[in-house]
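Given the structure is predicted, the values throughout are model-derived calculations rather than measurements.
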Amino acid sequence: MRLAGVTSPDSVVAFVTALEESGQDAEIASLLWEVASLPPAEQARTEVALEKWGCDSQAGHALRLAVVLPPASVAELAGELLASGHPDLCAELLKAVLTTRQRADSVEVVHARPALAEHMVAAAQGVSADCHRSLLFMLRFNDQAAT
């Protein structure tokens with residue numbers, strides 16, 4: 001990791017906890033921004049560590065920050081979360097993509113990693129019926145356009 005002196009996901013958790021205990025919320029936000037800018041595999045390990053140690057809100061915050069990454073990077077992060085056995089974190093990331101980015105970006109995430117299609121559709125169902133219908137339409141439209 002490139003975080004100043006923080007070398008492992010567990011160290012990030014310890015650092016977040018120390019900052020929280022000392023009331024340095026702004027520093028936590030900065031640290032989570034750094035987590036969101038890590039390579040996808042490192043970010044996934046850090047997200048899992050945050051969740052494992054009960055820092056769920058911080059893990060969620062860093063995932064929501066990650067939605068600004070290019071769709072291929074978001075897809076890679078989602079895949080890493082699934083591969084590490086954390087579909088709940090993957091679903092949270094995909095819901096954030098669906099609620100903050102254009103639907104076309106969600107489709108790009110799926111095209112970057114087709115194995116995410118069912119997870120993206122499930123996340124869309126969790127957002128709203130309109131989101132679900134819109135995503136299904138966009139996925140079908142893009143599949144037809146590609147053929």
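Note that OG of Ser8 is 11.0 Å distant from CD of Glu42, once rounded to the nearest 0.5 Å. The distance from the CZ atom of Arg45 to the NZ atom of Lys52 is 13.5 Å, given to the nearest 0.5 Å. Rounding to the nearest 0.5 angstrom, the gap separating the CD atom in Gln58 from the CG atom in Leu50 is 7.0 Å. Between the CG atom of Leu135 and the CG atom of Leu139 there is a distance of 4.0 Å, given to the nearest 0.5 Å. Annotation: the span from Glu20 atom CD to Cys55 atom SG amounts to 6.5 Å, rounded to 0.5 Å.
Checked by atom type and distance alone, the side chain of Thr99 pairs as donor or acceptor with a backbone atom of Lys95 at under 3.5 Å. Within the 3.5 Å criterion, the main-chain N or O of Leu98 finds a donor-acceptor partner in the side chain of Arg103.
Val107 is not listed as a side-chain neighbour of Met120, based on a closest heavy-atom distance of 4.5 Å or more. At least one side-chain heavy atom of Pro71 sits under 4.5 Å from a side-chain heavy atom of Arg101. Two residues are said to be in side-chain contact when any heavy atoms from C-beta on lie closer than 4.5 Å; Asp105 and Gln102 meet this criterion. Counting only heavy atoms from C-beta outward, the side chains of Thr100 and Arg64 never approach each other to under 4.5 Å.
Screening Leu82, Val110, Leu81 against His119 for a side chain to side chain contact (heavy atoms under 4.5 Å, CB included) leaves a single residue, Leu82. Checked against Thr46 for a side chain to side chain contact (heavy atoms under 4.5 Å, CB included), the options Leu32, Val13, Val12 give a single hit: Val12. The only option from Val109, Leu77, Val97 that meets the side chain to side chain contact (heavy atoms under 4.5 Å, CB included) definition with Val67 turns out to be Val97. For the pairing with Val48, the side chain to side chain contact (heavy atoms under 4.5 Å, CB included) check across Glu80, His86, Gln43 returns one residue only, His86.
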Q.
Pair Val68, Trp33 - check side chain to side chain contact (heavy atoms under 4.5 Å, CB included), show working.
A. CA-CA 11 Å; Val68 302; Trp33 181 254; 3.9 Å; yes

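In plain terms, the two heavy atoms of Ala59 and Glu47 that are nearest each other are O-OE1, 2.7 Å.
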